[in-house]
2 protein chains.
Amino acid sequence: MMFKTITIIGFGLIGSSLARKINDESLCEKLVCADVSHTVCDQVLELNLADEVTTDIGKSVEDADLVIIAVPVGVYEEIGEVISGSLKSGAIITDVGSVKEQAIKRLQPYLPADVSFVPSHPIAGTEKSGPEAGFANLFEGRWAIITPIDEGEDSDAVQKVASFWESCGAMVEMMTPKHHDRVLGITSHLPHLIAFSIVGTANDLEEDIKSEVIKYSAGGFRDFTRIAAGDPTMWRDIFLNNKEAVLDVLQRFNEDLTELQKAIRRDEGDKLLTFLVRPRKYAKLLLMPSKKSRLNQIVV
Amino acid sequence: MMFKTITIIGFGLIGSSLARKINDESLCEKLVCADVSHTVCDQVLELNLADEVTTDIGKSVEDADLVIIAVPVGVYEEIGEVISGSLKSGAIITDVGSVKEQAIKRLQPYLPADVSFVPSHPIAGTEKSGPEAGFANLFEGRWAIITPIDEGEDSDAVQKVASFWESCGAMVEMMTPKHHDRVLGITSHLPHLIAFSIVGTANDLEEDIKSEVIKYSAGGFRDFTRIAAGDPTMWRDIFLNNKEAVLDVLQRFNEDLTELQKAIRRDEGDKLLTFLVRPRKYAKLLLMPSKKSRLNQIVV
């Protein structure tokens, strides 16, 4: 038993996958699930994923040795406000948010001095959301990034959270919150922003061509649709809370796209080719057969 | 036997997949493979995919009842010039190019009056290229679009090519070349252009962050890398030969992206959310479980 009581706040894809894994591996004595949605709580009861299920967020953390916050970053302040008075002395708080600087800024002010906040981000997910979409092996072989604050990497709390992620099958890496946000800005947030945008473009086409976009979507469009199928609220919060890094990398992307556009307009075949050859080295590194099995999973 | 002799010109992913299927289904008595590359011809011999293998494109078509052109659209004129004098009277010519108006414009002037050109485009492929990457089931359940010219849909040659694609496992649809190029502009060409661009952007990042882009690519970036892993020469020819439709849809995409960018910069959460909700209906239509098995294949 790593922890006596674990409370998961927010029971979507990530929260419910964690619950399944915690149950499978017996990582705690008592698992509490808290979600403001009655529908979600009913689903958790039906799926039999937790020992206690409640919509009362504050009460849910009273006995918790580990609290896992798995809600969109936009409601971290509300969560902080509700739990601040109920946290047990010595409790460890972690989260799974896809942005880290703002996650810390929003949550930390509400936390009492006798608890430890260890921000983390498992780079795992699928295009589905909700408690029914979760599965125990979601984190298997995936990275879980911890961005330690205060006492740093060697603190007892950070080590415990690292062990927790490893017990969930993840590989742990540590970095600063700022660096995390910059890396994820290019590897995840920009690709998702682009995918959302391109599906929106298709949506505005004339009706006669729209049905054909769906019919012939195997040409590439379907992959973008899948990337853009994530929870809109979660993504809104990610884009707004990693604004600086996202806008910076979007600016670079726009410059590159303008170059490509110019090369096409001017029929500059050679220039165009030098652009199109560039992805090759990434393809070689990223698409090796051994990694093939992981290619299908879109993660956030 | 649908045809006595079939010649495939260009033995990449599509050409070699067709050869495998033609052999499996015994769709002809003699299969001829022509490719200007000695390396490719050696591979075809090793894989035992054709009855005759030659680098002499002109000679390769002499006995052919069906000629399948499976090379990048940029070299159609050269192919047309080389084969024009060797085509058998009554031969049917088809191609697999991803753009159709320019394909016709480039090839047709070289074809004698006593042969029939039936332009086609199988919406099938993977991110791999070359004769070793092909497989017989590539076209199974995929669309093959035929864009008839001259006598139209009911001509004997068009019907024969349609039957040929059906024998390869494909579902056949007919449309005008112009309409094809517009539909594929949004479903395939734009997504690929964007993917090429975003991988290029990553490529220009500072070295320290580049290795992490690879490490944490599961966040979305890897999917773009896979989409952008296609043959650069083929894609150069597609973009340049479907310039009008590509630039038009790129312009629309840029406008949408600018709106998203503005909403992020101005912290307009509600506006952003309305953008991000839009893909949902496509996701529902495109990502249904029954179609899941096809999701992995990137096609061009």
Side-chain angles (χ1 to χ4, degrees), chain A residues 123 143 183-184 186-188 191-194 196-203 209 212-214 216-229 232 235-236 239-240 243 246-247 250 252-253 256-257 260-261 264-265 267 269 272-273 275-279 282-283 285-287 296 299, chain B residues 123 143 183-184 186-188 191-194 196-203 209 212-214 216-229 232 235-236 239-240 243 246-247 250 252-253 256-257 260-261 264-265 267 269 272-273 275-279 282-283 285-287 296 299:
Chain A
I123 307 195
W143 292 103
V183 171
L184 271 288
I186 175 78
T187 58
S188 172
H192 279 83
L193 189 68
I194 299 296
F196 276 110
S197 192
I198 204 172
V199 180
T201 305
N203 188 57
I209 208 170
E212 285 172 300
V213 168
I214 291 167
Y216 303 113
S217 65
F221 183 74
R222 181 151 56 205
D223 291 276
F224 281 72
T225 307
R226 193 160 45 102
I227 296 170
W235 280 105
R236 179 200 58 192
F239 297 139
L240 292 180
K243 191 168 152 172
V246 167
L247 290 179
L250 184 55
R252 293 163 187 248
F253 168 78
D256 289 330
L257 190 59
L260 270 172
Q261 193 172 5
I264 294 171
R265 196 182 296 282
D267 279 319
L272 194 52
L273 195 60
F275 277 111
L276 304 182
V277 168
R278 289 192 302 178
Y282 285 99
L285 284 164
L286 289 176
L287 308 176
N296 310 333
V299 296
Chain B
I123 307 194
W143 292 104
V183 170
L184 271 287
I186 175 77
T187 58
S188 172
H192 279 83
L193 188 68
I194 299 295
F196 276 111
S197 192
I198 204 171
V199 180
T201 305
N203 189 58
I209 208 170
E212 286 173 298
V213 168
I214 291 165
Y216 303 114
S217 65
F221 183 74
R222 181 150 57 204
D223 292 275
F224 282 72
T225 307
R226 192 160 47 102
I227 297 171
W235 280 105
R236 179 199 59 192
F239 297 138
L240 292 179
K243 193 169 152 172
V246 168
L247 290 179
L250 184 54
R252 292 163 187 250
F253 167 77
D256 289 330
L257 191 59
L260 270 172
Q261 194 170 4
I264 294 171
R265 198 182 294 284
D267 280 318
L272 194 51
L273 194 59
F275 277 112
L276 304 182
V277 168
R278 288 192 301 181
Y282 285 99
L285 284 164
L286 290 176
L287 307 175
N296 311 333
V299 295

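Below, chains carry the letters A, B, ... as their sequence lines are ordered, and counting in each starts from 1.
- For chain A, the nearby part of Ile209(B) is the side chain; its heavy atoms alone come within less than 4.5 Å.
- Looking at residues two or more places apart in sequence or on another chain, you find no side-chain hydrogen bond (donor to acceptor under 3.5 Å, both in side chains) involving Ser197(B).
- The minimum heavy-atom distance between Leu276(A) and Arg236(B), with the atom names listed, is CD1-N, 3.4 Å.
- Taking Asn203(B), Leu250(B), Leu260(B) one by one and counting their heavy-atom pairs under 4.5 Å with chain A, the maximum is reached by Asn203(B).
- The minimum heavy-atom distance between Pro279(B) and Ala228(A), with the atom names listed, is CB-O, 3.5 Å.
- Atom CZ of residue Phe253(B) and atom CD1 of residue Ile194(A) lie 4.5 Å apart, to the nearest 0.5 angstrom.
- Here the shortest heavy-atom pairing between Lys243(B) and Arg265(A) reads NZ-O, 2.9 Å.
- For the atom pair CD1 of Ile186(A) and CD of Glu212(B), the computed distance is 12.5 Å after rounding to the nearest 0.5 Å.
- Between chain B and the options Leu272(A), Ile198(A), Leu273(A), heavy-atom pairs under 4.5 Å are most frequent for Ile198(A).
- Counting heavy-atom pairs closer than 4.5 Å to chain A, the top residue among Val199(B), Val277(B), Leu193(B), Ile264(B) is Ile264(B).
- Annotation: the span from Ile123(A) atom CD1 to Tyr216(B) atom OH amounts to 6.5 Å, rounded to 0.5 Å.
- Of the listed residues (Phe275(A), Phe239(A), Phe224(A)), the one with the most heavy-atom contacts under 4.5 Å to chain B is Phe224(A).
- Partners of Arg278(B) by salt bridge (Lys or Arg N to Asp or Glu O under 4.0 Å), not counting sequence neighbours, listed by chain and number: Asp204(A).
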